[in-house]
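Following: one structure in structure tokens, then a few remarks.
Values below: every heavy atom of this structure, side chains too, minus hydrogens, waters and symmetry copies.
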Amino acid sequence: MAKGAKLRKEKQSVAVSGESLAQQSSSQNRRWTRGFIIAVVLIYVINKFYIPVAPMQVKVAFNTWLSLTSMGEIMVFILMALGLNIVVGYAGLLDLGYVAFWALGGYVAGWLMSGFFDQVTFKFGGNPAKGLPHGIHLNVFLVLIAGGIFTAIWGVIIGAPTLRLKSDYLALVTLGFGEIIPQFMVNGENIGGFNMTNGSKGINPVDNIKIFGFEFGPFALADKFLLYAALAGMMIFLSLRLRDGRLGRAWLAIREDELAASMMGVPLMRTKLASYAVGATAGGVGGVAFATLIGGVYAERFNFQISIIILSMVVLGGMGNVWGVMLGATLLAWINNTGLVQIGKIFNAATGMNVDFPSFNFLIFGVLLVLMMLFRREGFIPEARVRLIMHEDEFADVSNVTDQIKLEGHHHHESH
Amino acid sequence: MSTERKNSPVMLDVKDITVAYGAITAVKGLTLSVREGEIVTLIGSNGAGKSTTLRTISGLLHPKNGSIEFKGEVISGKPGHEIVKLGICQSPEGRRIFPRMTVDENLDLGAFLRKDTAGIKESREQVLDLFPRLRERITQRAGTMSGGEQQMLAVARAMMGQPKLLILDEPSMGLAPVLVDLIFETIQKIREQGTTILLVEQNALAALRIADYAYVLESGHLKLEGNAKQLSTDPAIAKAYLGG
């Protein structure tokens, strides 16, 4: 008796949470958007106006734990993780080679805003470094757009033949693609006599960003950070909008049940390709942004681990949930570029040992993921639907009870 | 065998199709038709080729030989979403509702190809009138509903596409007898409202009771066809399929 009552209550609460789901998510979006903007403005203002005049200790603490380079990198990773989230979280396609798009975007920046192709001299709104007048120098916005379009095209080229595959095979093919592109870049020094990628030496320097005649020098990190934050913000906006639109519904339907989705008239190939293209675009824009952040493109940085880190950001944060993925990206990017090094220094200083913490990053990510899978499979901020399926067993009883009640012909259980 | 049949135009014309999965032929030279306003049922035991036939009609499989016409237009070879657009909607075997979406979101996806907002709203009211229970569950996650409710949702979702031909694949599967009756009553109601129905069933007795015309499949071949009422009294059929 008591059990029945409890189940009934549980069922009611399920219905209630369904009712307010839309409102819940829109107020959640408002809260998080506000939080994101406040955080970005705070970081900018503190670094731009306070840090230059701050006491030495504060300056050092900031540079050690919350350096602007790491903050900029976090923004770039948020952008890319949200891009992968479209593919993995929204459309439910496992992509293990996302780094390929990042690399392609990076090389677009290398080609279009540096002195690398010194056979030609072409400048359009660009900002060639002093003493390097040759090469192609386009405005950074044009390069961002070009990087996005270039990788979108590659997304479609790779996607068209592979997206017909079932998920496990798709994962394998993308894994291969993620290996091939960086390998090509490493070996692209001499393609029939043409130096396309400068091999493992990479392309550097990539031009400083110049916007409306205002140059972001190598030390204008706060301004650069603002640019990357704006890109991340645009991706957040795009992710939220896409999700609620027609395309977003089609992606979710495919993720839930491909066959049923096609029976509803969802064109499978086109819809999957769209997710791939949008994800690839974000990867490409991220690649351009990252190249301008570190001022160069280096083939060896585009390794398989990056694909896994970005995927971990998506899984850890909560597949499909924009804010969860943002949080996952922030945390993992920070651990990777700052946390491990600094914690390692403290640990080594305290114990007198000499442990290389950054070299254990995959052990730590692995442990994190295992712990998450054990205790919070749905991620930091789960998407409501995912939470439901992860705890399916808890709901199974409820539907049995309903059946039971119906078979007995009693319909008054709703009145409770 | 009697061929007395409704005298309306042919809506779906399946002509001599053969469908194979690799080397295994699942349907061999099947010919069948559905006329406007009819309930046609396709019965047969497990593995007779019923689901293969349906998948071929809805464009998920393509016939090796033969053709399928819908209202005079050849549809075999077209992709699934174009066939849905022409007005063939399906409630698949095993329901296949979207479990993590609400009832409302499921219905919404049923109308995926439609753009007439007002019309979609109207269809929504219509299907909720057909299945009042779904109205009570409108904000509930579909996966948390009972099997019967999920089946209602699968039919309702297919109806949201405003089908000219509604295909129902095993709508009685796994349901308690009370619910089977309810579903079959509703199927009749849907036909009365002007939708033609192709019903695939293992529960041959229930299907023959509401159908006008029936096809009996056996290991990929057409075994028999005829007026449903007559077939249901045919002793041979009774013995083979009706457990009589």
Greater than 12 external heavy atoms within 6.0 Å of Arg135(B)'s CZ: yes
Contact origin within [X] toward chain A - heavy atom pairs under 4.5 Å:
{"X": "Pro92(B)", "value": "both"}
{"X": "Arg95(B)", "value": "neither"}
{"X": "Asn106(B)", "value": "neither"}
{"X": "Leu109(B)", "value": "both"}

Smallest separation among heavy atoms of Val34(B) and Leu165(B), with atom names: CG1-CD1, 4.1 Å
Minimum side-chain heavy-atom gap Arg137(B)-Thr144(B) below 4.5 Å: no
Between Ser239(A) and Tyr90(A), a side-chain donor and acceptor under 3.5 Å: no
